[in-house]
Amino acid sequence: MITMSSKSIHKLVLFFAISCLLLQEKCTEASVSLLCKDSERKALLEFKHSLQAMDSSGDDALSLWESTISPSLLKLHHLTSLNFNSNDFNGSLIPEFIGSLQKLKLLDLSNANFRGPIPSLLGNLSMLETLRLGGNGGDVTYHRNFKKMFSVGKLEWLSHLSRLKEVDLSFTNLSNANDWSQVISHLPLLQKLSLRHCDLPSISSSSLSLANSSTSLTYLDLSDNNLPSSAIYPWLFNVSSNLVSLNISSNKLKGPIPEAFGNMKAIQELYLNDNLLVLAENQVRGDSGLNEIGKLPDFRVLDLGYNLLNGSISKSIGQLSNLHVLRLAGNSFDGDVISEAHFSNFTNLEELDLSSTSLTLKFNTGRILPFHLSQIMLCSCKLGPRFPDWLRTQMDFKLVLEYLDISASGISDSLPYWFWDPFQRLRYLNMSFNQISGTFPNNSIHISHLDLSSNNFSGPLPHFSLDFSDVGTINLSKNKFNGSVSPICNITNEVSLALLDLSNNLFSGVVPDCFRSFRSLTALNLGDNSFSGSLPSSLGSLTSLEMLSLRGNKFSGELPLSLQNCTELKFLDLSDNELSGEIPLWLGQRLSSLVFLSLQRNQLRGRIPHQLCELKYLQILDLSVKKISDSIPPCLKNFNSMAKKVSLDRRIEHHLLDQPYVRSLIHVRYVDEALITWKGTKQNYPQLGLLLAIDLSCNKLTGEIPEELNSLQELVALNLSRNFFTGKILQKIGHLRQLEVLDLSRNKFSGNIPTSLSELTFLSILDLSYNELSGRIPTSTQLQSFDPSSFSHNRGLCGPPISPNCSMVEPPPRKPAVGGEEDSDEFMKWLYTGMGLGFAVGFWGFCSVVFFKRSWRHSYYRYMDNAKDWVYVTFVLLKARLVRRIKALSTR
Ligand SMILES: *[C@@H]1O[C@H](CO)[C@@H](O)[C@H](O)[C@H]1NC(C)=O
Ligand SMILES: *[C@@H]1O[C@H](CO)[C@@H](O)[C@H](O)[C@H]1NC(C)=O
Ligand SMILES: *[C@@H]1O[C@H](CO)[C@@H](O)[C@H](O)[C@H]1NC(C)=O
Ligand SMILES: *[C@@H]1O[C@H](CO)[C@@H](O)[C@H](O)[C@H]1NC(C)=O
Ligand SMILES: *[C@@H]1O[C@H](CO)[C@@H](O)[C@H](O)[C@H]1NC(C)=O
Ligand SMILES: *[C@@H]1O[C@H](CO)[C@@H](O)[C@H](O)[C@H]1NC(C)=O
Ligand SMILES: *[C@@H]1O[C@H](CO)[C@@H](O)[C@H](O)[C@H]1NC(C)=O
Ligand SMILES: *[C@@H]1O[C@H](CO)[C@@H](O)[C@H](O)[C@H]1NC(C)=O
Ligand SMILES: *[C@@H]1O[C@H](CO)[C@@H](O)[C@H](O)[C@H]1NC(C)=O
């Protein structure tokens, strides 16, 4: 047996579970799978050396594989088990010689970054019982965005492996394998089959009638394949008689839940989430369907989340008396009320997910609830206005509450005094978007993920201690916490803190210089408080930092040089402070990952350093600082990012996933709020993403606009107003095809308005007022539809919309174009219609889980494709380990 568990074959120490090698001569019964002949031991040693050589030389994996590994492996005639799971073969082909290891019973090449196709010679491994090839050919770390799936072709070769008990081909491209159901049906001993995310073709009825059904299947995962009901039900219900666990989530199952599920006598776990299922009339009444399922004695998991179920939940659901996990999230049971009557039989319930269902939960606290939950997900249910007292009953010695999400649930009450005591082992707590008030106890709160944002909490910063085994996230934004933040220096295990958001509170004083040990911090938001003093230089120790917002405070002094160390920064918002000095050159040279940079409204002076042009990923540049002088450096054209179409690949997402293959993850979604200023009005847009924008307004800039700006073809907003620019407006401004906002007002631009301006078909906000422009306003329906004030106060503009023709003089402006309510209204209108913010907010809702639901993600992507000009800045801190400890805990 050969097992290698190392992340990279090049880097990590190899772990051999080759007992006879490691235990010298001690060939125990347990390792008879490998006979310790001298020759074989020699081969193993050779093999080990070759791997070590690879490790130190860092040579090309493929060539080493061919030149050294294969010959030594081939000498191991009796090899029965080969496991390269989670190694990195750098996209090489699965070597054909594996087909000669005729005695193999186990072959595990999953998550090993192999490339397809699978050599059909694997069909020679007639002794094979376990075959795992899943998770190759893509960025499996995040299980998303598979650009190039490992393509497999037909599966005919598989049908020769009649001893197979387990097959895992998840995340491979089986779109051409239309023989898959037939092949599978020919494997008489097959018990476990995973074909998740395989682009499976539908089963045609002709192949179905030929099929011999495999009835040995106990575990079947066909999730995430976009299969329609018609394509899968007939086959499924034929092979399901022994199924214990069935995952057909994230497909396109439509219509009522078939009663045939009720015939799956052995079924214990049923995942039907993320489909288009509805409840039939009789199912709503509780006559059938769910009822049928309800008769199955051993039913443990029912996941119907994210379907189209509506109506009301029948009390008969309560017959599922052995249910451990119930998930109905993301359906719209409008206004339905769940009471303890529904749940009276749920003595084994451990996980309840009713997120985004609009269900009202009314548990009579006088009655003792029959269950002790370890995971409660009730985001956007109706629990308030009083704090749900029944939670108090959820403390237990055997099964502790680990996960509690009662965000956006209409609670407006103070946090009860009993709250923290019972929940000492809580790992995830989300109470955001309520109106919960109260202060915190003096003793420290032991938690890994805490989101209290958008509430009315007050008092000093609570003390935290984080779990050593986990990455922590703390979000206290939009509350009324006050006082000093120096207690952050006392967070125990700051090493693992990934997100700290204290923004929009009443904190004040100096930020302590104690960030040295916050090595994992990815996002730090201290914005919109009353901090003062200089920026702590220990911020420079945050070498993983990707997001730093300090906006809206009273920070003063120069930017600390140490900030150069934060080379991973993508989002840097220092706006609205009192920072002084010049714009540092290193900003462009060292922080080369920046996507968002705002220095708006500070005391910075000097020129725009040409080094800034090196920020080739920049999508928003806001240098509307006040005192910046000199001219625009022509190298601004280097902002490659603004010349490229916004696409999915360009959204910012930050993952923090140190254990990529852990199955169950806590998802912490953190969406940054980009701040956009329009004519002096600060607008705070929740969940607004990025546009491609340059704002250099309100400075002392001079000279002409460099022609090079024309190359930023995808720019959406350009604001150069309130400077001392001279010369003509760019003749080829029409090249900026995506431009929606153009403000050049209050400068000294002269000459004609270039005719190419009329080519900007998306332009929805234009302000050229207070310049020295003259001549005819170019004609296009677009330009003539703007308010005359957009052109007012110039030297001699004429023609519509300001005058009927050019023989007439420019009339006085209707209203002065001095930033104000109307302008920001106009801006808002643009914002909402331009990118559908309203839709976006409603769409996202508050429940973080939504983001990770595949189908929702897909609609989101589709939406993104349409809204080309926008990118969300999304910080997603994914971190492992809400390891399903249910079992572990309950067997304790
Ligand atoms: C991995 O493959 C890429 C291209 O296929 C190659 O450029 C790179 O050097 C390889 N890396 C290693 C460590 O072999
Ligand atoms: C695979 O099996 C076929 C016959 O079944 C044989 O001809 C061929 O040599 C085998 N290939 C290898 C690589 O062992
Ligand atoms: C799967 O393979 C087919 C044919 O080889 C190809 O057309 C398709 O684009 C692939 N799909 C993915 C997601 O890679
Ligand atoms: C079904 O199985 C039987 C016996 O296992 C076999 O004789 C028959 O050929 C199979 N039918 C098909 C269509 O594969
Ligand atoms: C079921 O499939 C979905 C989608 O592929 C996956 O996210 C989920 O983890 C699976 N559930 C189980 C219990 O395997
Ligand atoms: C099994 O397949 C046959 C042939 O397609 C079909 O007639 C029958 O209804 C299926 N059985 C079940 C339980 O669905
Ligand atoms: C609880 O279980 C009993 C026995 O199975 C059943 O008679 C009763 O209807 C169930 N209660 C609910 C609310 O479903
Ligand atoms: C926090 O640390 C400071 C010293 O760094 C100490 O004086 C203070 O007592 C600590 N507070 C708590 C609550 O541990
Ligand atoms: C910046 O990084 C260097 C090298 O990693 C380190 O030696 C130095 O202490 C860091 N500076 C600060 C202020 O953390």
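These values consider heavy atoms only, across backbone and side chains, with no hydrogens, waters or symmetry-generated copies. First listed ligand is number 1; within each ligand, the first listed atom is number 1.
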Winner among N176, N173, T172, L174 once heavy atoms are compared against atom 14 (O) of ligand 3: N173

Derivation of the ring pair (Phe, Tyr, Trp, His ring centres under 6.0 Å) call for F114 and F84: CA-CA 11 Å; F114 278 114; F84 285 120; 7.6 Å; no

Sub-3.5 Å N/O-N/O distance, R196 and ligand 5: yes

N/O separation below 3.5 Å, N247 to ligand 5: yes

Atom indices of ligand 3, in the order listed, that fall short of 4.0 Å to a heavy atom of S175: 1 (C), 2 (O), 3 (C)

Flag if over 12 foreign heavy atoms under 6.0 Å of NZ, K105: no

Check: Y271 N/O within less than 3.5 Å of ligand 5 N/O: no

Residues which pass salt bridge (charged side-chain N to carboxylate O under 4.0 Å, His left out) with D168, listed by chain and number, not counting sequence neighbours: none

Aromatic contact, Y428 with Y403 (centres under 6.0 Å): yes

Listed partners of D108 passing salt bridge (charged side-chain N to carboxylate O under 4.0 Å, His left out), at least two apart: R132

Numbering as shown, the atoms of ligand 5 that approach S223 to under 4.0 Å (heavy-atom distance): 2 (O), 3 (C), 4 (C), 5 (O)

Polar contact flag for S249 and ligand 5 (N/O pairs, less than 3.5 Å): yes

T473 vs H449, side chain to side chain donor-acceptor pair (under 3.5 Å): CA-CA, chis, key distance, verdict: CA-CA 5 Å; T473 57; H449 301 276; 2.7 Å; yes

